[in-house]
Amino acid sequence: MAKKKNEEKVSVDDQKEDERKKSMSLIDLPGVGDATKKKLMDAGISSIKELALYPITRLVEDVGLGEKTAYKLVKAAQEIESMGFKSASAVWEKRKQLRRITTGSANFDELLGGGIETGAVTEIFGEFRTGKTQITHQLCVNVQLDHENGGLEGSAIYIDTEGTFRPERIIQMAEARDMDYNTVLKNIIVGRAYNSDHQILLAREAARFIEEKNVKLLVVDSIITHFRSEYIGRGTLANRQQLLNSHIHDLIRLSESYDELAVVFTNQVSAKPDMFYGNPIIHTGGHIIAHGSTIRLYLRKGKGEQRIARVVDAPHLPEEEAVFSITEDGIRD
Ligand code: GTP
Ligand code: MG
């Protein structure tokens with residue numbers, strides 16, 4: 001009995017502590033004034049959690065903080081976020097609370113253990129016309145559904161690097177679900193990225209309104225296009241990989257900072273080997289991308305509207321496949 005009471009007390013204290021932390025912002029940290037806050041915000045750091053996850057070297061090099069200041073700030077942020085060890089049961093409790101966004105196909109959802117995960121980064125890769133863009137459109141609609149229907153009652157940010165975002169398609173998908181398409185369109189914030197620097201900047205800017213706009217899904221379609229075209233054949237592959245790496249880490253940090261945010265990016269693969277990517281069906285970006293995403297999905301074409309999704313090295317899902325279709329109404333079984 002006494003033990004039970006104790007546990008209850010602990011969880012009440014935990015809750016209070018959580019609330020206190022949630023109400024803290026960057027400006028509450030020692031030594032952070034308006035100028036430092038602005039620097040941090042410009043780098044896409046808008047919360048204490050994001051700061052706690054930020055590499056100190058980048059704070060010095062990119063954000064322009066002094067080494068000592070950077071160290072102090074990160075340390076203070078990490079203490080507030082209690083980023084030490086925790087028990088596996090605490091980790092399990094947290095994972096049980098993770099919500100998912102339905103893809104629109106029961107088969108596909110089942111493959112994913114219920115849908116696209118929040119608090120994680122999902123990479124969708126495949127050849128052209130395999131449905132990467134269609135899936136990301138569908139997710140922008142589905143994230144707005146209520147919880148009972150597989151949504152998160154939230155809005156979406158869509159970083160479009162190829163100019164293939166189509167409101168017309170969103171309208172079709174929304175109408176197929178009997179949703180008011182005007183509302184659905186309003187809840188999708190689209191950023192057209194014109195080059196890789198712009199893309200990086202947009203991802204950092206996104207951090208600013210995740211909370212304010214109740215954003216539950218962040219899409220980058222596709223992650224690699226600009227990086228590939230800008231750096232090809234210039235002998236600057238290492239430079240490209242470094243930039244891409246830091247961009248992906250910005251995305252990972254966002255997914256880790258917001259438990260209810262799902263981050264999804266797409267990636268092209270080419271079946272035709274070229275001088276850069278010697279291996280057929282290797283996704284561009286090489287190892288950096290493979291290690292940056294929590295769940296990787298490989299798409300390929302089936303008959304007609306059918307597509308096959310395969311889970312590739314997700315930490316908790318078996319390597320299985322599911323068949324889904326791209327229909328007039330969107331993604332279905
Ligand atoms: P890339 O960006 O070129 O690498 O391709 P992707 O993987 O993004 O392909 P995308 O998502 O654009 O999928 C294209 C496929 O979706 C095509 O095979 C189309 O037939 C199908 N599709 C797109 N719009 C519609 C539609 O309104 N109705 C139906 N039935 N299919 C559609
Ligand atoms: Mg596409």
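Atoms within each ligand, like the ligands themselves, are counted from 1 in listed order.
- Between the side chains of T136 and T133, no donor-acceptor pair is found at a separation under 3.5 Å.
- Of all protein heavy atoms, the one closest to atom 17 (C) of ligand 1 is R129 NH2, 3.7 Å.
- Of the protein's non-hydrogen atoms, the one nearest atom 12 (O) of ligand 1 is T133 CB, 3.8 Å.
- Contact atoms of ligand 1 toward G131: 6 (P), 7 (O), 9 (O), 10 (P), 11 (O), 13 (O) (distance under 4.0 Å to a heavy atom of the residue).
- When each of I308, D109, L299 is checked for a side-chain contact (heavy atoms from CB on, under 4.5 Å) with F324, only L299 meets the rule.
- Atom 4 (O) of ligand 1 has its closest protein heavy atom at K132 NZ, 2.7 Å.
- Nearest non-hydrogen protein atom to atom 28 (N) of ligand 1 is E328 OE1, 3.5 Å.
- Atom 21 (C) of ligand 1 has I326 CG2, 3.8 Å as its closest protein atom, hydrogens excluded (heavy atom only).
- Using a 4.5 Å cut-off on side-chain heavy atoms (C-beta onward), Q172 and D329 make no contact.
- By the 4.5 Å heavy-atom criterion applied to side chains, R177 and V184 are not counted as neighbours.
- For atom 18 (O) of ligand 1, the nearest non-hydrogen atom from the set E305, E162, R307 belongs to R307.
- For ligand 1, the atoms sitting less than 4.0 Å from at least one non-hydrogen atom of E127 are 7 (O), numbered in the order shown with element in parentheses.
- Counting heavy atoms from C-beta on, the side chains of I124 and N267 never come closer than 4.5 Å.
- Between Y194 and H226, the gap from one ring centroid to the other reaches at least 6.0 Å.
- Of all protein heavy atoms, the one lying nearest to atom 3 (O) of ligand 1 is F128 CB, 3.5 Å.
- Residue-ligand proximity, Q172 to ligand 1, at heavy-atom distances under 4.0 Å covers atoms 27 (O).
- When the options R228, K132, E127 are evaluated for a side chain to side chain donor-acceptor pair (under 3.5 Å) with Q268, the one that passes is R228.
- Not close to ligand 1: H137, with no non-hydrogen atom less than 4.0 angstrom away.
- Of all the heavy atoms of T266, none lies under 4.0 Å from any atom of ligand 1, so neither backbone nor side chain is involved.
- At under 3.5 Å, not a single nitrogen or oxygen of I135, backbone or side chain, sits near a nitrogen or oxygen of ligand 1.
- At least one side-chain heavy atom of R204 sits less than 4.5 Å from a side-chain heavy atom of D62.
- Residue contact annotation: T136 places no N/O/S atom under 2.8 Å from the Mg ion (ligand 2).
- Closest to atom 23 (C) of ligand 1 among all protein heavy atoms lies Q134 NE2, 3.3 Å.
- Set against the non-hydrogen atoms of T327, the atoms of ligand 1 under 4.0 Å away are 28 (N), 29 (C), 30 (N).
- S46 and E50 share a side-chain donor-acceptor pair at under 3.5 Å.
- Residues Y158 and L218 form no side-chain contact, since every pair of their non-hydrogen atoms from C-beta on lies 4.5 Å or further apart.
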